[in-house]
Amino acid sequence: MPQAKIYYDSDADLGVLSNKKIVFLGFGNQGSAQAQNLRDSGIPNGQILIANRVDSYADTARAKGFTVEHNFEEAAEVADVLFILVPDQVQPRVFNEQFSPKMKPNATIVVASGYNVFFGLLKFQPGQEVIMVAPRMIGSSVRSLYEKGRGFPCFVSVEQDGTGNGWASALALSRAIGATKQGAIASSVREETAMDLLAEQALWPNIIMLFREAFCVLKEAGCSDEALCYEMWMSKEPAEIFERAADDGFVAQLKHHSTVSQYGQLSGALALDGQAMREHLKDILYNQILNGKFCKAFSLIEDDLEKEGDANPLNKLYRRSEEMELAQAEKRVRARLDGLL
């Protein structure tokens with residue numbers, strides 16, 4: 001398999017951004033972190049504009065010294081570069097209706113996730129640059145790691161190069177937010193979307209299911225709610241395991257466990273036949289994600305996700321999930337230990 005190209009600070013020229021008006025659509029976790037990193041990388045504050053509706057995020061942006069524009073059409077008209085950092089489900093409506101018609105024909109448009117570009121939900125002009133700069137960290141970590149002088153993992157791609165300078169722009173912006181210090185990995189919106197959605201729709205659902213069923217089996221065997229909750233997740237041992245995996249290696253981290261644990265995990269994992277699971281994962285990837293089936297279904301409920309109560313389908317899913325024995329037990333344990341956790 002070919003290796004992905006990795007770009008570092010030396011590959012990027014911040015001069016590409018000279019005198020360009022850089023607009024951030026949204027000042028949430030990612031918008032706040034990336035805008036501050038950009039400014040601290042030497043981009044003058046006057047070149048940065050925050051496009052945000054009237055809310056607490058806009059107040060925060062002003063408090064941090066940024067200029068805020070509530071009129072999205074006016075922000076679109078001045079943008080040489082636009083970071084789209086509002087939630088995926090609202091991007092098509094906001095961008096297509098309020099930004100796209102007013103933007104410069106050679107503007108650079110930056111997305112932090114591949115979803116809307118891959119599924120063709122955003123309307124671009126042929127002469128524009130469309131690039132992905134996608135940190136693999138939550139916004140607070142993007143900011144804190146930058147402040148510590150460290151980088152963070154990030155995917156970068158050029159999806160439409162209307163000017164012929166797409167990669168120069170992509171790398172300059174990646175460096176400006178701090179992504180090339182550790183290395184920005186060349187990717188694509190297809191790759192990012194496939195990995196992101198497969199984790200969300202297959203990997204983590206199966207992990208949740210395994211925890212749910214293991215909890216029930218051990219509860220039936222006589223284990224207490226308190227012991228189970230702490231053994232399985234409330235001790236934060238799973239978080240420590242994943243942190244060790246990131247630092248030492250997915251398998252190598254096992255050496256930090258007891259010999260009994262190492263033998264049990266390795267022998268158990270190697271004894272499992274993963275063929276059925278592989279077919280399950282492939283079915284979700286090709287017949288639910290990449291073919292657009294999930295995207296089409298999700299688009300039908302996007303407006304409902306802003307509603308209150310049971311009119312919001314996400315609220316219904318949470319209510320059903322709260323009925324799991326695992327969730328009920330955790331609720332009892334947390335109520336009993338209120339004030340101690």
What are the two closest non-hydrogen atoms of [X] and [Y], and how far apart are they?
{"X": "Pro135", "Y": "Ile177", "value": "CG-CD1, 4.2 Å"}
{"X": "Gly114", "Y": "Thr193", "value": "C-OG1, 3.2 Å"}
{"X": "Val78", "Y": "Leu49", "value": "CG2-CD2, 4.0 Å"}
{"X": "Val90", "Y": "Glu306", "value": "CG1-OE2, 3.7 Å"}
{"X": "Gln201", "Y": "Ile284", "value": "O-CD1, 3.8 Å"}

In plain terms, say whether [X] and [Y] are close enough for a salt bridge, that is, a side-chain N and a carboxylate O under 4.0 Å apart.
{"X": "Arg175", "Y": "Asp13", "value": "no"}
{"X": "Asp247", "Y": "Arg244", "value": "no"}
{"X": "Asp40", "Y": "Arg143", "value": "yes"}

Please say which of Leu85, Asn29, Ile22 ends up in a side chain to side chain contact (heavy atoms under 4.5 Å, CB included) with Gln34.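 Looking at Leu85, Asn29, Ile22, the match for Gln34 under the side chain to side chain contact (heavy atoms under 4.5 Å, CB included) is Leu85.
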Greater than 12 external heavy atoms within 6.0 Å of Arg150's CZ: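 Atom CZ in Arg150 is not crowded, with 12 or fewer foreign heavy atoms closer than 6.0 Å.
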Worked verdict on Met277 versus Asn206 for side chain to side chain contact (heavy atoms under 4.5 Å, CB included): CA-CA 10 Å; Met277 177 57 68; Asn206 276 284; 3.5 Å; yes
So, for [X] and [Y], is the gap between ring centers shorter than 6.0 Å?
{"X": "Phe66", "Y": "Phe24", "answer": "no"}
{"X": "Phe215", "Y": "Phe211", "answer": "no"}
{"X": "Phe95", "Y": "Phe124", "answer": "yes"}

Just do the salt bridge (charged side-chain N to carboxylate O under 4.0 Å, His left out) check on Glu330 and Arg212 with the steps written out, would you? CA-CA 12 Å; Glu330 181 182 33; Arg212 181 190 71 206; over 6 Å; no
Indicate, with yes or no, if Phe83 and Val156 share a hydrophobic cluster defined by side-chain heavy-atom contacts under 4.5 Å among Ile, Leu, Val, Met, Phe, Trp and Tyr.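 Yes: a chain of side-chain contacts under 4.5 Å links Val156 to Phe83.
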Using the rule that Ile, Leu, Val, Met, Phe, Trp and Tyr join whenever any side-chain heavy atoms are under 4.5 Å apart, tell me whether Leu203 and Ile289 fall into a single cluster.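 Different clusters: Leu203 never reaches Ile289 through Ile, Leu, Val, Met, Phe, Trp or Tyr contacts under 4.5 Å.
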If you measure only the distance, is there a donor-acceptor pair under 3.5 Å linking the side chains of Ser157 and Glu159?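 Short answer, yes.
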